[in-house]
Amino acid sequence: MVSKPRGTRDFTPEEMEKRRWLEKEIRNIFELYGYREISTPTIEHLELFTLKSGEGIIEETYSFEDKSGRKISLRPELTAPAMRFYVESMQMETKPLKIYYFGNCFRYDRPQKGRYREFWQFGCELIGSDKPEAIAELISLSYDILKEVGLRNIILRIGNLDILRRFLDSIGARDARIMRLIDKKDYDELKKELGEEEFKKFMDFIKIKKIDEIEYEEAERMGEILSLIDEFSIPYNVDLSIARGLDYYIGTVFEIDAPKLGAEKQICGGGEYNLVPLLGGKKIPTSGFAIGFDRTLLALEAEGFEFNKKEKPVYVAYMGEMIREAIKITKLLRKNKIKSEMDLMGRSISKSLEYANKKGMKKVIIVAPEEWEKKKIILKDMEKGEQREIDIDEILTLLVNHS
RNA sequence: GCCUGGGUGGUGUAGCGGUAACAUAGGGGACUGUGGAUCCCCUGUCCCGGGUUCAAAUCCCGGCCCGGGCCCCA
């Protein structure tokens, strides 16, 4: 037997119903905020990702050479492609430019819960403004999406890299290694690196919960952003320990966790960054975030969220040799957009009802010779257990009113 | 890449050297014109490859896959 590749998944009809539902909800909220959807290729030049993230990522991507020897990679994320698209053909669009996207990504990782080799992400970019209201709206949007789809237990943390870097300058400890240790929350190692005294200063620094306790000028802008987020009625925690290893991250950073998910609990991350010049475009403020689609769904399931069930089809059963008449009826229903399914197993009426019952169908039409002679069929209500003969001409009005 | 637990019909499990079993799901029938109950029948399984043994689902080794934790998380 050939099975699916490690870290990939098949989705059952039940799962696809949930996924398509969630996808639609999230799209609607992006659109509600004035974002418009884009889509980029599944494959990109490997260079796009090494440019953004360094050579180190090569071993974590699915990359290969195509038949002309081009180095190609299955996209491990969607931000870089979206930025590439902007630089390649959207630089002259009216600002602010608000775009969002949804797609599958691939990473060569060790799979575990909430982490797959093929996974889906939603994301967006806000291009052209770094005003406090722009960042405030962006962050509010991310939180709003997760709340609106039905998550109850999520935590938004907001930090600021300018402030963090300014602090590290003040204790003479600003370098990439230190940032990485902070990012990883490896405080034991950080203590060794900074020394007892400076480490204590750091711990005091990241305990800060009110931004007005900070005297750096960057704090003023962050304060303004936070007060505008208050206007959007979004709850958050200030968390100055949020770090990012790479240089193009600037200013505001934020993360949203669903604590129920354990080790892989982060479901959203974003902030401000300066990627456009790296890709050869004209410098412009950009910010955005990405939402882990699979994890959002896992979090909903972990919270016991009740997904809407789709409407069940009307079932058309028939007796004996009435298959042609059954097709006529089914065709009529479908022509009128009434979801319907007819017996394809040649089952007896008894077995047909058993089947319809098991599938949770609410209406069954039985096509039988005696009634057909009178231009009638039997319409059975599976919940009430009642049935009656009705004129074929009446089917549509009855089913439209009853379903 | 590392540590750790695990893989038995479609699904959930028992068996843990000696004829693979139970439940459930699937198909049919009892009920040739009526569902949810009951009963009967049928289909279908030891992840893969080596090794040990008279004998391996069972023990050993390797691989693959799944879960949990690291690393990483652009």
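Sequence lines set the chain letters: A, B, ... in the order given, protein chains first and strands last, and positions in each chain run from 1.
- We find that CE of A/Met345 is positioned 14 Å from C1' of B/rG29, with the value rounded to whole Å.
- A/Tyr318 is linked by a ring pair (Phe, Tyr, Trp, His ring centres under 6.0 Å) to nothing, counting only residues two or more places apart in sequence or in another chain.
- Against RNA chain B, the stretch residues 285-304 of chain A makes no heavy-atom approach under 4.0 Å.
- Backbone-only contact: A/Arg180 has heavy atoms under 4.0 Å from sugar-phosphate atoms and none from a base.
- A salt bridge between A/Arg157 and A/Glu255 is present, with a side-chain N of the basic residue lying under 4.0 Å from a carboxylate O of the acidic one.
- Base pairing of B/rG35: no nucleotide in any strand meets the Watson-Crick or G-U wobble criterion (both distances under 3.5 Å).
- Residue contacts shown for A/Arg75 are absent, as no nucleic acid heavy atom lies under 4.0 Å away.
- Using a 4.0 Å heavy-atom distance criterion, A/Gln387 is classed as a base contact.
- Computed from coordinates, the A/Ile378 CD1 to B/rU34 C1' distance equals 8 Å when rounded to whole Å.
- Applying the side-chain hydrogen bond (donor to acceptor under 3.5 Å, both in side chains) definition to pairs two or more places apart or across chains, those involving residues 85-94 of chain A are A/Arg84-A/Glu88.
- Remark: the A/Glu118 side chain and the A/Asn104 side chain contain an N/O donor-acceptor pair separated by less than 3.5 Å.
- Ring centroids of A/Phe64 and A/Tyr62 are separated by 6.0 Å or more, keeping the two rings apart.
- Rounded to whole Å, atom P of B/rA74 lies 17 Å from atom CG of A/Leu46.
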Under 4.0 Å protein heavy-atom contact, by nucleotide of nucleotides 1-13 of chain B - B base, S sugar-phosphate only: BBB----------
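- Counting non-hydrogen atoms under 4.0 angstrom, A/Tyr248 reaches the backbone sugars and phosphates but no base.
- Side-chain N/O atoms of A/Glu44 and A/Ser73 include no donor and acceptor closer than 3.5 Å.
- Every residue was checked against the salt bridge (charged side-chain N to carboxylate O under 4.0 Å, His left out) condition with A/Asp130, not counting sequence neighbours, and none meets it.
- With a cut-off of 3.5 Å on both pairing distances, B/rA57 has no Watson-Crick or G-U wobble partner at all.
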Passes ring-ring contact (aromatic ring centres under 6.0 Å, His included), A/Phe293 versus A/Phe102? Steps please. CA-CA 9 Å; A/Phe293 182 77; A/Phe102 174 66; 4.9 Å; yes
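- As judged by a 4.0 angstrom heavy-atom cut-off over every strand, A/Glu370 is placed among the base-contacting residues.
- No hydrogens or angles considered: a donor-acceptor pair under 3.5 Å links the side chains of A/Glu341 and A/Tyr355.
- Distances shorter than 4.0 Å separate some side-chain N or O of A/Gln112 from OP1 or OP2 on B/rG69.
- At least one test fails for A/Arg295 against the ring of A/Trp120: distance under 6.0 Å to the centre or angle within 45° of the axis.
- Relative orientation of the A/Tyr187 and A/Phe202 rings is perpendicular, given thresholds of 30° and 60° on the angle between their planes.
- With both pairing distances under 3.5 Å, B/rC73 is matched to nothing as a Watson-Crick or G-U wobble pair.
- Across the interface with RNA chain B, nearest-nucleotide mapping of A/Lys4 and A/Phe49 shows A/Lys4 to be the residue nearer the 5′ end.
- Across all strands shown, B/rG12 pairs with B/rC22; the Watson-Crick or G-U wobble distances both stay below 3.5 Å.
- A/Arg6 contributes no side-chain N or O that forms a donor-acceptor pair with the base of B/rC66 under 3.5 Å.
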Output one letter per nucleotide in nucleotides 35-42 of chain B: B when a protein non-hydrogen atom lies under 4.0 Å from the base, S when only the sugar-phosphate is that close, - when neither is. BB------
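- You won't find any donor-acceptor pair under 3.5 Å spanning the side chain of A/Arg244 and the base of B/rC73, going by distance alone.
- Side-chain N/O atoms of A/Glu125 and A/Tyr100 include no donor and acceptor closer than 3.5 Å.
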